[in-house]
Amino acid sequence: MAAERYNAKETEPRWQSVWSERELFRTRNDDPRPTYYVLEMFPYPSGRIHMGHVRNYAMGDVVARYKRARGFNVLHPMGWDAFGLPAENAAMQNKVSPKAWTYANIETMRGQLQSMGLSLDWSREIATCDPSYYRHQQRLFLDFLEAGLVDRKSAKVNWDPVDHTVLANEQVIDGRGWRSGALVESRELTQWFFRISDFAADLDARLDTLDRWPEKVRLMQRNWIGRSEGLLVRFALDGAAAGTDGTLEVYTTRPDTLFGAKFLAVAPDHPLARAAAETNPALATFVEECRRLGTAQEAIDKAEKQGFDTGIRARHPFDDSWTLPVYVANFVLMDYGTGAIFGCPAHDQRDLDFVNKYGLGNVPVVCPPGQDAETFVVTDEAFTGDGRMINSRFLDGMTTDEAFEAVASRLEGEHRAGRPVAERKVNFRLRDWGISRQRYWGCPIPVIHCAACGTVPVPVADLPVVLPEDADFTVPGNALEHHPTWKTVACPRCGAAARRETDTMDTFVDSSWYFARFTAPWLEDEPTDRAAVDRWLPVDQYIGGIEHAILHLLYSRFFMRGLTRTGHAGIDEPFAGLFTQGMVVHETYRGADGGWVQPADVAIVSEGGTRRATLAATGEAVAIGSIEKMSKSKRNVVDPDDIIASYGADTARWFMLSDSPPERDVIWTEEGVQGAWRFVQRVWRLVGEVVERDGGTGDGAALRRAAHKALAAVGEDVEGLRFNRAVARIYELANALQAALAADAPPAALREAAGIMIQLLAPMMPHLAEECWAALGRDGLVAEAAWPAFDPALLVEDEITLPVQVNGKKRGDVTVPRDADSASVEAAALSLESVVRAMEGRPARKVIVVPGRIVNVVA
RNA sequence: GCGGGCGUGGCGAAACCGGUAGACGCAAGGGACUUAAAAUCCCUCGGGCGCGAGCCCGUGCGGGUUCGACCCCCGCCGCCCGCACCA
């Protein structure tokens, strides 16, 4: 045997080149074997990979390598989510172009990922910022436009008046722009939208079919889509209220409480409010105040319920003599339902707060179970549950549900001015996806604005609309807008001078279909190859962070439907299996001056169970703080490059997979890494000893059993993505192998067990596995070897040891033949000395024998 | 406020469908080897009592169901996450 110590630094690059030279991970679409598509969320090229990437890609690689060994034709690609604001910020600060910055980062990060030994098909690599990718995205936009999936409409946006740009909600902090610090304004801008809300019902319903998604994610999406069943009620208005047709449409999910109505309220930007404000200066002032408050989320949270009586009166739908005041109220949202509500204070907390402020009173109409209808009153806590109807005329005595039905069917049947007074309506919270961004570094929206022809799509033959490379980033705002010539263009329809759309697409668009592009990324004329898409999609296993539970995953689900509607695919759900992994967290450290100290500069000493930290360089004391997500601000990051340089990729991968369940956070510790590294060395040593062994007088049966048990268990654990358990099984097998070596087991059993162990750990530590595979003298590469089959006969023992309980407490064990009948097991158990003692002379009233499990004697 | 999840040794955790609680790893303590260190190997490692065989207690807390409960049911407590005026 060669070197004593395993040298990861030398072996890892060597095996990486062997895999790459043999094109082992290059996937062919015409390979006849069954397909398996495993995908990890592609990274943003921020500059360097972080430990979260290592964890994510280590998991995906285990699945890819395991499925390959299982005989699947595995697609495991990698790419770059490469558009986005940081590139423009870098351009502003460092005078490099966003393109140069992004591609330099990709270069670095590709090298880092390659040093991890991931079994990726690099020939399919894509970058979303490359015209060879975004030209197809532009084509998809045009197809979506044609198919009616795209809208251009006016919408309120967060406008940063200093940076001259629209900000996403996440970029507004305490009402101020995250970069400029300027107070953000609410502006109406004409924007491009994807009509995701058209699919709300289907996106909601199909969540039920995603049985390999985490329940949590499905729930989050369900809440986000926000389906509700209710009634659209048309209230007649007195006189000819301006801005209306004489009725006010209200959406409610509680028509049962209609007899508890005390007022109607509309949103400040409701047409009725706007019209009324024109003749009422005080109301105009109120509306203006609401609008100002409207932008800052914080203000909304704290704002008191406020309203303004318009003077308009509405008629109750069941009683024409019953009038209700119509308010403009700050808590009514224009973009949900109809922007108008009826207020039933006794059974809605907001409405109750409102009437209590304006002295409108309340009438309870639902009596809670167990309450007396005569005495039940509501003061400052609304009752929102189900109960029996009271004070509600023909509804009295009904349940809440019955009353809903009664009101709905009755009002549906009544008509006024040719329309039913009410209609059942399913409403959704989900709003259309605004994709316009006033940014340079994104996919240009391929349309042209012509004074004569209006908005004209760029002809497909003219694609791609390429970003200009000579943009100027010294002025804030959209560099496309500032560019001297880029936006000047001839109208494709009439040839007159026209203006290019200077908005680019939200970067979430880029990531909404990349998984489809991976199936045939070489195509030049089409976004997708139908045959390839049909073969590979849906993705069998998608792995990524929980932070994308809603937006990215919902947008992708919408996009898949869009692709199918426009003939680019044939399915609706892109991801059959989804797994959301936990974060990588680390202790934080603070120096004497209170500043954060990075782990690389800290030395930990542990004595008698107490851990103390010092600055490695000076010995100065360092305070150990709480465990947090690795972040630059707290400096508690560990650079994967450093770990790979000192321990190797296998050690990093192994540590990432051991200990914590993959969906939970994992605490990165130096001790843990060293433990993983010790195991790497131990495996190498054990294999070395096995190879050298040329005779043995001991028994190999126990080892064989242990190996086949591990084989069966690890297969199940990897299938279920329980990597931490698989790791524990492999440790057990290593322990068994070591014990067998000590017990002088015969070489055949040793070699078999060592071979199995290597194959089990190959998906996790592929380089070490290759090195050991070669040392064992096995043929070919372990990366190409078929997963071994376990021998079921070895999993069952001839004799089994059963615990014996007396009244549920364990008192001893009996060892019996595997197929012993209950009577003989019972006899053996009762004759145990420890059992007799525990019975204290009492007779056995009952003996429960669970075959192969346990014996319980009831005394 | 609404919705969801989780509470098991010093730590990360395991326990299949209600059947030996703590596998496996980390840390710690003791020992062997060594001039020494590193590396490696062996032993101990939930708490308490006992020389020992062994006994008692123990999965956030309080009840319940069961021959038997970390697991099921009821009621609390604590922590974490998501959404948040959605009518």
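Below, read A as the first sequence line, B as the second, and so on, with proteins coming before strands; counting in each chain starts at 1. As the structure is a prediction and not an experimental result, all values here were calculated from the model.
Using a 4.0 Å heavy-atom criterion, one finds that A:Arg729 contacts no nucleic acid atom at all. Across all strands shown, A:Gly337 has no heavy atoms under 4.0 Å from either base or sugar-phosphate atoms. Within the 4.0 angstrom heavy-atom criterion, no nucleotide atom of any strand lies near A:Val727. Counting non-hydrogen atoms under 4.0 angstrom, A:Glu732 reaches the backbone sugars and phosphates but no base.
Regarding contacts with the backbone of B:rA23, every side-chain N or O of A:Asn735 stays at 4.0 angstrom or more from both OP1 and OP2. Contact check, A:Arg811 against B:rC55: a side-chain N or O comes under 4.0 Å of OP1 or OP2.
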Could you go through A:Thr815 and A:Thr801, starting from their C-alpha distance and side-chain angles, then the distance that decides it, and tell me whether this counts as side-chain hydrogen bond (donor to acceptor under 3.5 Å, both in side chains)? CA-CA 4 Å; A:Thr815 299; A:Thr801 299; 3.0 Å; yes
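Taking the side chain as every heavy atom from C-beta outward, A:Trp668 and A:Val585 never approach each other to under 4.5 Å.
Set against B:rU40, B:rC57, B:rA14, the side chain of A:Arg664 has B:rA14 as its closest nucleotide. With B:rU20, B:rA87, B:rU40 as the candidates, the nucleotide lying closest to the side chain of A:Gln805 is B:rU20. Nearest nucleotide to the side chain of A:Pro803, out of B:rC81, B:rU20, B:rC67: B:rU20.
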Secondary structure of RNA chain B per the Watson-Crick/G-U criterion (both distances under 3.5 Å; [ ] crossing, | other strand, . unpaired) is (((((((..(((......[....))).(((((.......))))).((((....))))..(((((..]....))))))))))))....
